[in-house]
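What follows is a short report on a single structure.
Labels below follow one simple rule: chain letters A, B, ... track the order of the sequence lines, proteins then strands, and each chain is numbered from 1. Model, not experiment: these values are computed from the prediction. Computation of the quantities below employed the complete heavy-atom set of this structure, encompassing side-chain atoms and omitting hydrogens, waters and symmetry-equivalent molecules.
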Amino acid sequence: MRIRGLISPLFEACKDGKSVAQLHSYILKNGLIHDSFFVTKLSASYIKCFSLKRAHKLFDETPRPSVYLWNSILRGYSREKQWKTTLHLFLQMLSSTTITATGDVKPDNFTISIALMACTELSAIEMGRAIHGLVKKSKKIGSDMFVGSALIELYVKHGGMDDALQVFDEFPQPDVVLRTSMVTGYQQSGHAEMAISFFSRMVVMEGVSPDPVTLVSVVSAGAQMLNIEVGRCVHGFMIRMGFNVHLCLVNSLLNLYAKTGSVNNARNLFMKMPQKDVISWSTMIACYAQNGKASDALDLFNEMIENGFEPNSVTVVGALQACAAACDSKEGRKIHEIAIQKGFEFEVSVSTALVDMYMKCSCLKEAVDLFKRIPKKDVVSWAALIGGFAQNGLANESIGIFHTMLCSETRPDAVTMVKLLTASSEIGNLHQALCLHGFLVTSGFDHKIFVGAALIELYSKCGSIDDAIRVFEGINDRDVIVWSSMIAGYGIHGLGREALETFDRLIETTFLRPNRVTFLSVLSACSHSGLVGEGIKIFDKMVHECRINPSLEHYSVMVDLLGRTGELEKALQLIDQMPEPAGPHVWGALLGACRLHHNVKIGEIAAKNLLRLDPDHVGYYALLCNIYAADGKWHNAAAIRTLIKEKGLKKMPGYSSIDIGKELHPFLAV
DNA sequence: CTAGGGTTAG
């Protein structure tokens, strides 16, 4: 007995497999190997030192391995993520127990939880259910929290939350880890509201204190719901409890602020963080990139490198989003270089972000070349290409790529379909629209609300307002975007009254708040139908009741609206009132109106401003020329013509196209 | 001896 005490401390001292092997041979030489105490200790030490092979050899040489020996070898394989071997060994253990004469080698709670983890990782849900059946037979194993945790994890990932909840409910006094697993489970399976309500019940009704890990899951749920209140609550709670040192928790909070667009909150938190890691930096960079602060994102990216942090693929994706948003292909190329250097250029998320960046910067060739070289393309990469062509005005190419995607056996998803609908609406072929709609119905994507909105736009642009209305009326829980699309649809068709009625219906029958796009659609509808008084009222409502700051686009629509009915002075006044200098669209709208109403005086003002902003835009010269001509000022008109010639400007020819007997991909045919 | 958590592409 005393020899055990003497040798035991030596196991603890082992730092690598070699020193364990030394002990091993000592034990062999002295005939101690038949003592299962030493065998277990040896195996555990091998595993601790990551010497799985030696441990397995010892295991093979041991005639009747104890549960502990089984467990240590299982743990070894599970820690190395060799799940197949883990599960295989577990099954071997199950069958060997029936043979062993002693009969006391049965999997215990430890064994079971490892086996369940393996099932989760291997998506072996049926095997997992079988093991669950085994668990139910033993009270001791069934009431083990670790087993419960592994079961919940299994069902969260592969069964469903109902099964997970059943497991949870079997525990009379579940601990905070089990509760957290449920919160996380709801969150990860897309039921963020359920996650929050489960959490609230646990804290309020059952008086259980959450720990930092619980809060991380709660914050993730809040981020998913874009609920900033959740963030504020946890933030306050965190400060009171002194949890602010937990990096994961702060990072998830940072992400919540990022997702909800609370850039200032995110920035303040980031600045105050006592320690930051790659994830903190990446999250903050993505926050800037996704919230219209591209240059801040790129600055931070460089600052991160200066601070000695290594960007990973996630960081790079955020930086690329910033380049895409800023249409900055120069920075984009630099970051591309970094991705190549670090060897993650062809991680699919990175290559996709690169394709998107090149597309947004109108570098089509780079985008396509890179796309071709992506080894494992998925729907998202294809969608980046499809969307890219559409954004660059190449709708037919975009649809062609979609066909190629279908031929490569990649199933489209809802987002891809929206990109395709947008591309198709540029073409305006109603037959194509009907085919796409047919496909959406059979694939079930038409239930997604953002697909509905795109479909309304598609039908409107293809000239079938009736189909657009049918889609609109068929949507049960319409959001602001759907309403805005319908209003815009009426606007395109010159149905200003209907657009206004729809807007009123939105205000009166829903609790939704019209946003800037909604207003843009109504105003544009008013403009197209010459409803000046109504348009002015709506504009007033937007500014004073809804407190929406008009953007340049709103102003240009208003200028267009006033200009169409000849209120050119009023239009000019509105431009003067603008908080920021008017852009080309605003002046362009005014110039167009001046052409319509033969107003040379204001027309010259508009043209002067336009040519200052964009001196090489031939269309503006042409408009001004026409104004002079209409007014009989042939001298001025001729002067402009000469100027155009001197500058070597050419007018882009307009064109239109029709489809002749072009077959759609059979996949889309109805 | 064992369980739950944070950043990513269209």
Under 4.0 angstrom, heavy atoms only, what part of the nucleic acid is [X] near: base, sugar-phosphate, or nothing?
| X | answer |
| --- | --- |
| A:K419 | sugar-phosphate |
| A:V317 | sugar-phosphate |
| A:S72 | nothing |
| A:V348 | base |
| A:Q321 | sugar-phosphate |
| A:T416 | base |
| A:V176 | base |
| A:V316 | nothing |

Of all the nucleotides listed ([options]), which has the minimum atom distance to the side chain of [X]?
| X | options | result |
| --- | --- | --- |
| A:D211 | B:dG5, B:dG4, B:dT8 | B:dG4 |
| A:V314 | B:dT8, B:dC1, B:dG10 | B:dT8 |
| A:S149 | B:dG10, B:dG5, B:dA3 | B:dA3 |

Seminar exercise, completed: salt bridge (Lys or Arg N to Asp or Glu O under 4.0 Å) filter on A:D369, not counting sequence neighbours, yields A:K365
Seminar exercise, completed: For A:E397, the salt bridge (Lys or Arg N to Asp or Glu O under 4.0 Å) test, sequence neighbours excluded, returns none
Exercise. Would you say A:S424's side chain and A:L421's backbone share a donor-acceptor pair under 3.5 angstrom?
Worked result: no
Exercise. Quick one: is B:dT7 close enough that its OP1 or OP2 comes under 4.0 Å of any side-chain N or O from A:N255?
Worked result: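 Yes, within the criterion.
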Exercise. Residues two or more places apart in sequence or in another chain: which of them pass side chain to side chain contact (heavy atoms under 4.5 Å, CB included) with A:M182?
Worked result: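 Partners of A:M182 under the side chain to side chain contact (heavy atoms under 4.5 Å, CB included) test: A:I152, A:M161, A:A164, A:L165, A:F168, A:Y186, A:F198.
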For this session: May I ask whether A:F146 stacks on the base of B:dT2, given the cut-offs of 5.5 Å between ring centres and 30° between planes?
Result: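 A:F146 ring centre within cut-off of B:dT2 base, planes near parallel; stacks.
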Problem set entry | Centroid distance under 5.5 Å and plane angle under 30°, A:Y68 vs B:dC1 | no
Exercise. For the ring pair (Phe, Tyr, Trp, His ring centres under 6.0 Å) test, which of A:Y77, A:F59, A:F90, A:F110 pairs with A:W70?
Worked result: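 Result: among A:Y77, A:F59, A:F90, A:F110, A:F59 is the only option passing the ring pair (Phe, Tyr, Trp, His ring centres under 6.0 Å) with A:W70.
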Identify, residue by residue, the members of [range] with a heavy atom below 4.0 Å from DNA chain B, and return them in order of residue number, or none.
| range | result |
| --- | --- |
| residues 177-192 of chain A | A:V177, A:T180, A:S181, A:T184, A:Q188 |
| residues 257-264 of chain A | A:K259 |
| residues 276-292 of chain A | A:D277, A:I279, A:S282, A:T283 |
| residues 352-374 of chain A | A:T352, A:D356 |
| residues 35-44 of chain A | none |

How long is the line joining [atom1] of [X] and [atom2] of [N], in whole Å?
| X | N | atom1 | atom2 | value |
| --- | --- | --- | --- | --- |
| A:L151 | B:dG4 | CG | P | 13 Å |
| A:F301 | B:dT7 | CZ | C1' | 14 Å |
| A:I141 | B:dA3 | CD1 | P | 17 Å |
| A:E153 | B:dA3 | CD | C1' | 8 Å |
| A:E345 | B:dA9 | CD | C1' | 14 Å |

Exercise. Within 45° of the axis and under 6.0 Å from the centre of the six-membered ring of A:F50, does NZ or CZ of A:R79 qualify?
Worked result: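 Flagged: A:R79 positioned over aromatic ring of A:F50.
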Exercise. Have A:N255 and A:S252 got a donor and an acceptor in their side chains that come within less than 3.5 Å?
Worked result: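 The criterion, which ignores hydrogens and geometry beyond distance, is not satisfied for A:S252 and A:N255.
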Exercise. Do A:D378 side-chain and B:dG10 base share a donor-acceptor contact under 3.5 Å?
Worked result: no
For this session: With sequence neighbours left out, write down each residue that passes side-chain hydrogen bond (donor to acceptor under 3.5 Å, both in side chains) with A:S408, or none if nothing qualifies.
Result: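 A:S408 satisfies side-chain hydrogen bond (donor to acceptor under 3.5 Å, both in side chains) with A:T410 once adjacent residues are dropped.
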Exercise. Can you name the residues that form a side-chain hydrogen bond (donor to acceptor under 3.5 Å, both in side chains) with A:K342, not counting sequence neighbours?
Worked result: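 Result, side-chain hydrogen bond (donor to acceptor under 3.5 Å, both in side chains) vs A:K342: A:E310.
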Exercise. Which pairs with one or both residues in residues 216-239 of chain A pass salt bridge (charged side-chain N to carboxylate O under 4.0 Å, His left out), sequence neighbours excluded?
Worked result: A:E229-A:R232
Problem set entry | Residue pairs passing the salt bridge (charged side-chain N to carboxylate O under 4.0 Å, His left out) test where at least one lies in residues 166-186 of chain A, sequence neighbours excluded | A:R179-A:E206
Exercise. Which pair of heavy atoms, one from A:R333 and one from A:M357, lies closest together, and at what distance?
Worked result: N-CE, 4.3 Å
